[in-house]
Amino acid sequence: APAEEKKKETKKDAYSIKLVSFETSKKINVVKEVRAVTQLGLKESKEFVEGAPKIIKKGVPAAEAEAIKEKLTAAGAEVVLE
């Protein structure tokens with residue numbers, strides 16, 4: 001039974017995208033990407049990024065989560081899928 005549980009864990013259907021940290025010099029780019037993903041206003045996005053680590057979005061399909069993670073990583077953020 002434990003082997004079956006491990007298989008289920010690796011094949012998750014939905015992920016939470018968590019912002020762990022960001023490069024200070026690239027904060028503006030990270031805020032822009034977070035704003036695009038969350039649909040928050042500029043002020044809210046800035047406060048959100050400054051309050052890292054935080055979960056950006058929950059229940060995201062695997063393919064979409066990977067795409068968002070790549071965009072945020074390219075912008076200078078450290079992101080984890082949970």
Side-chain angles (χ1 to χ4, degrees):
E4 288 178 28
E5 287 178 29
K6 284 185 180 178
K7 284 182 186 176
K8 286 181 183 176
E9 284 181 31
T10 56
K11 293 264 184 176
K12 287 175 72 173
D13 294 333
Y15 292 90
S16 291
I17 304 167
K18 184 175 184 179
L19 174 66
V20 180
S21 63
F22 60 92
E23 291 180 43
T24 310
S25 61
K26 296 183 178 180
K27 179 177 169 183
I28 293 169
N29 293 333
V30 175
V31 170
K32 285 180 184 176
E33 284 300 329
V34 167
R35 186 175 179 206
V37 171
T38 60
Q39 306 296 313
L40 291 172
L42 185 61
K43 182 177 183 268
E44 290 83 1
S45 297
K46 181 178 177 279
E47 290 170 355
F48 188 94
V49 170
E50 289 170 347
K54 278 191 174 179
I55 292 179
I56 297 173
K57 207 169 184 182
K58 293 181 181 177
V60 182
E64 186 183 338
E66 280 296 329
I68 293 170
K69 180 182 177 185
E70 286 178 23
K71 284 182 185 177
L72 288 165
T73 303
E78 185 181 332
V79 181
V80 176
L81 299 180
E82 296 180 335

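Here, residue 1 is the first one in the sequence, and each next residue gets the next number. All values reported here derive from a predicted model rather than from experimental measurement.
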Atom pairs and distances, side-chain donor-acceptor, residues 36-44, under 3.5 Å, sequence neighbours left out:
residue: T38; atom: OG1; partner: V34; partner atom: O; Å: 2.7
residue: T38; atom: OG1; partner: L40; partner atom: N; Å: 3.4
residue: Q39; atom: NE2; partner: A36; partner atom: O; Å: 2.9
residue: K43; atom: NZ; partner: E47; partner atom: OE2; Å: 3.1
residue: E44; atom: OE1; partner: G41; partner atom: N; Å: 3.4

Donor-acceptor pairs are to be reported for all side-chain atoms of residues 48-59 against protein atoms at under 3.5 Å, with residues two or more places apart or in another chain.
residue: E50; atom: OE2; partner: K27; partner atom: NZ; Å: 2.6
residue: E50; atom: OE2; partner: K46; partner atom: NZ; Å: 2.9

Cut-off 3.5 Å, no hydrogens considered: what does the side-chain donor-acceptor table look like for residues 61-82, sequence neighbours left out?
residue: T73; atom: OG1; partner: K69; partner atom: O; Å: 2.7
residue: E78; atom: OE1; partner: S21; partner atom: OG; Å: 3.0

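- Summarising the geometry, atom OG belonging to S45 is positioned 11.0 Å from atom CD belonging to E33; distances are rounded to the nearest 0.5 Å.
- When hydrophobic residues (I, L, V, M, F, W, Y) are linked wherever their side-chain heavy atoms come within less than 4.5 Å, I28 remains an isolated member.
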